[in-house]
Structures are given as structure tokens and as C-alpha cells.
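One structure is given below, encoded as C-alpha cells.
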Amino acid sequence: MTKIFKIEPSHRKIISKPTLLKALTYLDKKAFETPFLLIDTERVKEKVDIIGKNIRNSKVFYAVKANPDIEVIKFLHSLGMGFEIASEGELKLLEAIRVPADRIITSNPVKSFKFLSLAAKYGLRYFAFDSKDEVDKMKKYVPGSNVYVRLTVPNEGSEWPLSRKFGVEPDDALSLVLYAKKKGLNPVGITFHVGSQCTNMHNWSTALLKAKALWDMAGEKGIMFGMLNIGGGYPIKYTKDVVNIEPIEKVSDRLIYEKFPAGTEVFIEPGRAVVGDAGIFVCKVIGKARRGDENWLYIDVGVFNGLMESVGGIKYSYIVESSDRKRHKKQWTVTGPSCDSFDVIDKDVALPEPKVGGLILILSSGAYTISYASEFNGFSIPKTILI
Ligand SMILES: *Cc1c(COP(=O)(O)O)cnc(C)c1O
């Protein structure tokens, strides 16, 4: 039987029409068990074609942590994508599908010993750092490698800030670069991360100017950088419009072209923007309840098995299966299936009345969902299906 979903104008602004159509067609044809994650490969390819297009001399490395599903990785590999990894587990994934070492970089400034030794064996040559101890580790495990220093940059206006855990200020960065050189490593450049889901255009320009200052300081000490790694952070639409990738790249490109030497190589490390808006969670309503004056909705994906980012403030858009013709909506507290009260996905979500047993589609859920998921309380991690 054909399923009827309440698709609203607001949804059409969030998700690309072909992706939604593909998902609906899939749901009509197949018998399935929820929950699962659909990934539209055509949408992924579209994003791969957009990212890096407007930055001269750039190379793109997909941040594997956003979605490390093997089929997703294989698909990106087939498109010739590079990869940014942080751990032995992520390296093993790439090894399994024989991604050449020269298409892999690692921008984790503090790496595990096991990862460093496996990375050396596999032949990785690009590593980030932001401390003296890391230089000592790299000298031992990956001597002579190309290394780049992580600079702290403002993360204001990004919904998932990353600035506090990593990075150093330019003065310290310079000392570290000189130390790395002394230890026989090859300092090739600078990296930063403006924060994930960064909707503030200015962050990139501010970061680039800060990197430029360090670039010149290093030059004065005889260290000629050649690589600028602008990290990730490109945003996707969840519930509202965000700045597009094209203007972010055009502004950055102009700045890089004006301020940095000709021939500067630019690395980009998008994660969320590659897979996020290609993904749709398909889940089922398992219960409803009225508690006090709140309407509670229980679905089979929650904070622990896929929607962890909701705790950090990411809000999703939901499409409800319903044949009810009424347009009336109610406010819902949307929660996952586990018995933990931390498992609340969102509050005050306006939705048409869902039916217990009916489906709910969660848009833009392709990144940082499955990769965060656990089997807490015995609820399985949703399967990923490429469509
Ligand atoms: C997570 C991460 C990325 C990807 O960030 P997005 O916001 O998903 O684009 C890139 N580089 C590094 C070092 C990261 O840790």
C-alpha cells in the first residue's frame, strides 16, 4: 500500500527534491525493518562536485568520522576522493578497499601510538600536530614526514565548536614548527577548523588572516610553507537556510590568492557537507503519551543509536507518515526508544498527529549519526542503505 507522507513547503527547502523522491520510491517498494539510514549517492556525488570547485589548487579529503560506512567510503573512493582520518580503525577501513596512502592525511593533532605505527607502515605522509610531545612521537614513528601545525581560530557561529580541544596561537605555533624542523620533520603548512556546521562566513576569512600571519612569521625564520589546510565546517540545511558552499569558497579563494604565495596548495576536509544532506533516517513511531501538558513521541532512533548531535543543539526536520487530511499540528517532545531520560531528541516540535506504527523521516541525517551510535539498552545501530 502506498504510504502517504505529510510533505510541507518547509521540507522542500531543506532536502533536494530528487533525494526525497528517491527515498519515497524506495519506501514504497520495499518491505523493511526500521530504523535505517538511506543515503542518496547522487546527492553525495553532487556535493563532491561542488566542494573544492571554487578554490584554486585545492584537494579534498573527506573526514571519515562523519560517516564511516564501508559502502559510503567505497562510493567516495570510486569518485577519486581523498580521505582525512584520525585512528587505526579508520585506517583499516581504507586499507580494506586499498585507498593509496598518498590520498590519505591525518589532521588529528594527538594521535594514538598504535595509529602512528600503522600509519607509518601504510606509508601515510601528512600529519597535523599542536604540541611538543606530538613532535617527539612523530619523530619516532613517522620520521621525516610532512607535518602541519593546528592553529586556534574563532568558532563563533558554528553549531558544533571544536576550537577548545585543539590548536595553538601563532607564537606557540611558530616555536612548534621550528622544533619540528629541528627534529627532522618537514613542516609544510598550517591547518585550522572553523567549527562544524559553521554558518558564519567570517570565520573562514578571520582564520585565513591568522594563518597568513603565522605563514609570514615562519618565512622570516627560513621555513617556506607550501600547504594551507582549511579544515572542514561547511554547513548543511537542517531546519533553516544556511550560507552556501560556493560563496564561502569564492571569498576564501580570493583571500588565499591575494595573501598567500602563488602555487600554495589548499587542502579541504569536509565531513558533514559531503554526506549530511544525502541522508534520511527512516524510523517508526513506537509510542505516544500525554504527560502533564506535554505530548511525548517515542521513535525507534534516539540520542544513543543515531541522534547524538541533538544533545549538542542540532535540530532536525521530520516528515510524518499520515493519511489524515487535517492540517492541524501539535507540539511534541520527540524522544528515542531507550529508558534513559537523557534520550530526548527535541522539544516543542510542531508535527501533524503521528500514528503509532507509522513512519517518520528525519532529514539531513547522513553525518555524525551512525558514526556516533551505540547499542545502549539493546537497541541496534541502524543499517545504512545506499540508494
Ligand atoms: C571533524 C573534522 C573535519 C570535518 O568537519 P566537518 O565539520 O564535518 O566538515 C575536518 N577536519 C578535522 C581535523 C576534523 O576533526
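From a predicted model like this one, the values you see are computed outputs, not experimental measurements. If you read the sequence from its start, that first residue is 1, and numbering goes on from there.
Here the side chain of E90 pairs a donor or acceptor atom with the backbone of A86 at under 3.5 angstrom. No side-chain donor-acceptor contact under 3.5 Å links K74 to the backbone of I97. Judged purely by atom type and a 3.5 angstrom limit, S371 uses its side chain to pair as donor or acceptor with the backbone of K65. Judged purely by atom type and a 3.5 angstrom limit, S78 uses its side chain to pair as donor or acceptor with the backbone of F75. Between the side chain of N54 and the backbone N or O of S252 there is no donor-acceptor pair closer than 3.5 Å. With hydrogens and angles disregarded, no donor-acceptor distance shorter than 3.5 Å links the side chain of S196 to the backbone of G233. A donor-acceptor pair is defined here as one N or O able to donate and one able to accept, closer than 3.5 Å; no such pair exists between the side chain of K237 and the backbone of D277. Judged purely by atom type and a 3.5 angstrom limit, S145 has no side-chain atom pairing as donor or acceptor with the backbone of V147. Using modelled atom types, one side-chain atom of K47 and one backbone atom of A273 make a donor-acceptor pair closer than 3.5 Å. A donor-acceptor pair under 3.5 Å links the side-chain atoms of R103 to the main chain of M81, judged by distance alone.
For the residue pair Y298/D343, the side-chain donor-acceptor check at 3.5 Å is not satisfied. If you check the side chains of E88 and S112, you find a donor sitting under 3.5 Å from an acceptor. For the residue pair T19/D40, the side-chain donor-acceptor check at 3.5 Å is satisfied. In this structure, a donor-acceptor pair under 3.5 Å is present between the side chains of N229 and E269.
Within a 6.0 Å sphere centred on NZ of K121, heavy atoms belonging to other residues, nucleotides or ligands number 12 at most. Counting non-hydrogen atoms of other residues, nucleotides and ligands closer than 6.0 Å to NZ of K45 gives a total of 12 or fewer. Within 6.0 Å of atom NZ in K259, 12 or fewer heavy atoms from other residues, nucleotides or ligands are found, so the atom counts as exposed in its surroundings. Within a 6.0 Å sphere centred on CZ of R291, other residues, nucleotides and ligands contribute more than 12 heavy atoms.
The shortest non-hydrogen separation linking P187 to I223 is O-CG2, 4.2 Å. The two atoms that bring G263 and N57 nearest to each other are O-ND2, 3.1 Å, heavy atoms only. Pairing each heavy atom of V194 with each of A207, the nearest pair is CG1-CB, 4.3 Å. The heavy-atom pair separating R43 from S16 by the smallest distance is CD-OG, 4.1 Å. When all heavy atoms of Q331 and D348 are compared, the pair lying nearest together is NE2-O, 3.1 Å. For Y122 against I104, the heavy-atom pair with the smallest separation is CE2-CD1, 3.7 Å.
The salt bridge (Lys or Arg N to Asp or Glu O under 4.0 Å) with E353 is formed by just one residue from the set K6, K330, K329; it is K330. Screening I105, L94, N108, V99 for a side chain to side chain contact (heavy atoms under 4.5 Å, CB included) involving I85 leaves a single residue, L94.
Remark: K111 fails to qualify as a cation-pi partner of F127 under the 6.0 Å distance and 45° angle criteria applied to the six-membered ring.
A perpendicular orientation is assigned to the rings of F260 and W215, their planes being inclined by more than 60° (bins at 30° and 60°). Between Y234 and W204, the ring planes are tilted. Angles from 30° to 60° get that label. In this pair, F304 and F342 present their aromatic rings tilted. The plane angle is within the 30 to 60° band. Between Y148 and F267, the ring planes are perpendicular. Angles over 60° get that label, and only those under 30° would be called parallel.
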Could you walk me through whether K212 and D216 pass the salt bridge (Lys or Arg N to Asp or Glu O under 4.0 Å) test, one step at a time?
-> CA-CA 6 Å; K212 161 71 176 164; D216 291 347; 3.1 Å; yes
Would D300 and K284 satisfy salt bridge (Lys or Arg N to Asp or Glu O under 4.0 Å), going step by step from the backbone distance to the final call?
-> CA-CA 6 Å; D300 57 5; K284 194 170 271 180; over 6 Å; no
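Residue I360 is not grouped with residue L20 when hydrophobic side chains (ILVMFWY) are merged at heavy-atom distances under 4.5 angstrom, including chains of intermediate members.
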